[in-house]
Amino acid sequence: MLNNEEKRMKTFSRRAFVLGVAQAALISGLGLRLAWLQLAEGSKYKMLAEKNRINTKMLAPSRGKIVDRFGVPLAVNNQNFRVLLVPEQVDDIEISLKELSKIVPIPDYKIEAVIEKAKKSPSFLPIEVTDGLSWDDVSKLEVNIIDLAGVSIEEGEKRHYPFNNATGHVVGYVGSVSQADMTDDPVLKMPGFKIGKTGIEKSFDQMLRGKAGDSQFEVNVRGREVRELNQNKSAAGERISLSIDAELQRFCQQRLSLYKSASAVIMDAHTGAIYALASYPAFDPNLFVGGISHGEYQELLHNPLYPFNNKAVTGQYPPGSTFKMITAMAALEGGFTNSSKRVKCEGRFEYGNDRFHCWKLSGHGSMNVVSALMRSCDTYFYELSVEVGIDNISKMAEKFGLGQKYNFDLPEERAGLMPTKAWKEKKYGKFWRPGETIVSSIGQGFLLATPLQLGVMTSRLVNGGYAVKPWLAGYEGSKKLFPDTWPKMDVKDSNLSLMKRGMVDAVNNEDGTAFKARIEEPDMLMGGKTGTAQVKRINRADYAQGIMNEDLEWKFRHHALFVGYAPIANPRYVCSVVVEHGGGGSAVAAPLAKDLLIETQKRNPAAADIKFSQAMNEKAA
């Protein structure tokens, strides 16, 4: 038998064996696991380790340029140095920004904006603090950068608009991405990235924006960049070529600045190209690129003359007597009148118990359609309208481009208004009255049109009856964005000829309403039609007291309008002008249009299109 000592030794040996086996199994398991991690999943963990020391950042694309028809830059990119701050790398953002502002100037409103943005954005994303740094500012920051945790300097681009307020409404401006602008495009999350906010910048933002690149770089334990490892370059945005003639646009804007509030459109009657589209007062888009202060923005926003509004496409005005060609065309096409039918104007037109006065209280005498346009006789159109009716007049207005949008290149375009019987009943729950047709026949009442629409109307009247539409963006890169031809309208050429005769006489006949504003150069003669749109009616009591339009408060005075074209021998250029509360169309708007059409013919921007088309035809041949 085993003694007690032998029994203890046997028990110990058994336990030691079990423990030894367990240890061997554990070591074998660890070895196998280590081999698995190294051999089977080594690449995975190597990648994870690399990510701890390698950062990837997006590279902003260069925004596409916007140029005029001759390649003159309207929106370009200048070199720009800016300061970025990573919120998670600082203890107190406000204190850090205050320290930073001791080195480079940072306005208080920008500091407030950074603090506010930091509250809403992930703390690891850098935020743009300020941009447009001078070389001196960059040098100061470089010297102190080691003591500025979370701060970095980045070289990029800043949008610049060389023509300032002359092209502000057309080209628009870029601004910071708001929460409402956010999509799944990662480039929108880049610090300080700008997108189009208005005008062409907004309409063609996706084309202009380009595609972001990326850069991989090694960082140290403090997150500082050590070296770049790899880079995929960004792709620049497309270049957009506009139909605008930049110098003509500038001339137009300067000419409009002689008035308190005005707008004008110059276009090609055959192609629809817009050579100038101006609105005054305007704004400088460069103010918005770097971030405008709240005070400056509010000052612009609450300006009673609305400098933000592009009145050439958003201003809706009664067209006044510029509408008389539409009433005439509705009557001619409907067989209600002809070239020889005459109406006697005695200074008034009576319908039932109502009396409607002609602007010339003594009357014009016997009028036909051409002389009625020449002398702008209201009575002639009053009488026609009763037979034609408002629905036929509105149909003709729509045919000539009024009361509708054109899917134009500027998003703020307005449709105006061409009323019908059904429209009034739907909107007001009331029947249309004959007297409303009478006042509509001379462009008053419910009628509203934009300067752009009046330009299109005139183009269709003088180009042979082709349904031309306006356009601004001619080319995206080398891709043409406008059609070669426009559809022919179903109107008689003989009736269009009568309209042109009336417009030629209105300017060039000594009895015409715009004779004093005529162009005297033989090869530049213009035709056109004046218009004076009533804003506040002056009643008999006012007349008795000697109160005239010019005696009223500015905002109640008549609008001055003019639509014209040149040269009359071969119509090419069309101009529409509206001077808000400017008074009479013949005294104010017609001289303005004269200057614009003379300058347009001198510059002859259509020649560039003609040469381009000839070159393309020769290339195709």
Q) For W471 and Y406, what are the C-alpha separation, side-chain angles and deciding distance, and is it a ring-ring contact (aromatic ring centres under 6.0 Å, His included)? A) CA-CA 9 Å; W471 54 268; Y406 306 121; over 10 Å; no
(Q) One thing to verify: whether E398 and K395 come together as a salt bridge, which I'm taking to mean a side-chain N less than 4.0 angstrom from a carboxylate O. (A) no
Q. Any side-chain heavy atom of M329 sitting closer than 4.5 Å to one from L461?
A. yes
Q.
Between D245 and E247 (side chain of the first, backbone of the second, donor and acceptor by atom type, cut-off under 3.5 Å), is there such a pair?
A. yes
Q: May I ask you to check whether over 12 heavy atoms, not counting those of Y297, lie within 6.0 Å of atom OH?
A: no
Q) Would the number of heavy atoms belonging to other residues, nucleotides or ligands and lying under 6.0 Å from NZ of K421 be above 12? A) no
Q: Answer yes or no on whether K488 is positioned over the face of Y466, meaning its NZ or CZ is under 6.0 Å from the six-membered ring centre and within 45° of the axis.
A: yes
Q) Parallel under 30°, tilted from 30 to 60°, perpendicular over 60°: which one fits the rings of F356 and F349? A) tilted
(Q) What I want to find out is whether D595 reaches R255 closely enough, with some N-O distance under 4.0 Å, to be called a salt bridge. (A) yes
Q: Measure across L496 and R460 and return the closest heavy-atom pair with its distance rounded to 0.1 Å.
A: CD2-O, 4.3 Å
Q. L402 and A449: which non-hydrogen atoms are nearest, and at how many Å?
A. CD2-CB, 4.3 Å
Q) Ignoring hydrogens and geometry, is there a side-chain-to-backbone donor-acceptor pair from S394 to D391 under 3.5 Å? A) no
**Q.** Under-4.0 Å salt bridge between E346 and K344
**A.** yes
Q.
When you compare the side chain of D511 with that of M374, does any pair of heavy atoms fall below 4.5 Å?
A. yes
Q. If you take all heavy atoms of V574 and T458, which pair is closest and at what distance?
A. CG1-CB, 3.7 Å
(Q) Measuring only between side-chain heavy atoms, which start at C-beta, is L561 closer than 4.5 Å to T532? (A) no
Q) Can H559 and H581 be said to form a ring-ring contact (aromatic ring centres under 6.0 Å, His included), step by step? A) CA-CA 4 Å; H559 298 311; H581 312 293; 4.5 Å; yes
(Q) Does atom CD (E510) have a neighbourhood of more than 12 heavy atoms from anything else shown, all under 6.0 Å? (A) no
Q | Polar side-chain atom of E201 near backbone of Y173 as donor-acceptor pair, under 3.5 Å | A | no
(Q) Students often mix this up, so state it plainly: with edges at 30° and 60°, are the rings of F288 and F308 parallel, tilted or perpendicular? (A) tilted
Q: Determine, for E580 against K555, whether the closest basic-nitrogen to carboxylate-oxygen distance falls under 4.0 angstrom.
A: no
Q. Are the charged groups of R355 and E350 less than 4.0 angstrom apart, N to O?
A. yes
Q: Check whether any side-chain heavy atom of F400 lies under 4.5 Å from a side-chain heavy atom of Q453, and answer yes or no.
A: no
Q: May I ask you to test the V313-R414 pair for a side-chain heavy-atom distance under 4.5 Å?
A: no
Q.
Any carboxylate oxygen within less than 4.0 angstrom of a Lys/Arg side-chain nitrogen, looking at D378 and K324?
A. yes
**Q.** F515 atom CZ: more than 12 heavy-atom contacts under 6.0 Å
**A.** yes
(Q) Can you confirm whether more than 12 heavy atoms, excluding those of K202, are under 6.0 Å from its NZ atom? (A) no
(Q) Regarding N165 and Q253, do their side chains bring together a donor and an acceptor under 3.5 Å, going by distance alone? (A) no
Q.
Which heavy atom of Y565 sits nearest to which heavy atom of I568, and what is that distance?
A. CE1-CA, 3.9 Å
Q) Just wondering, are more than 12 heavy atoms of other shown residues or ligands nearer than 6.0 Å to CG in D523? A) yes
Q. Do side-chain atoms of Y382 reach the backbone of C358 as a donor and acceptor pair under 3.5 angstrom?
A. no
Q.
Tell me whether the count of non-hydrogen atoms from other residues, nucleotides or ligands lying under 6.0 Å of CD in Q404 goes above 12.
A. yes
(Q) For a quick test of reading the model, state the closest non-hydrogen atom pair linking G315 to P451 and the distance between them. (A) O-CD, 3.5 Å
Q) Cut-off 3.5 Å, side chains only: do S366 and R342 have a donor facing an acceptor? A) yes
Q | Neighbour count >12 (heavy atoms, 6.0 Å) for atom CZ, R518 | A | yes
Q: Examine distances only and state if a side-chain atom of Q249 and a backbone atom of A166 form a donor-acceptor pair shorter than 3.5 Å.
A: yes
Q: Over all heavy atoms of both residues, which pair between A606 and Y573 is shortest? Give the atoms and the distance, please.
A: N-OH, 3.0 Å
Q.
What I want to find out is whether E387 reaches K341 closely enough, with some N-O distance under 4.0 Å, to be called a salt bridge.
A. yes
Q: Report yes or no: do T513 and T530 form a side-chain donor-acceptor pair below 3.5 Å?
A: yes
Q. Would you say the side chains of S376 and S321 form a donor-acceptor pair under 3.5 Å?
A. yes
Q) Quick one: does V507's side chain get under 4.5 Å of K529's, heavy atoms only? A) no
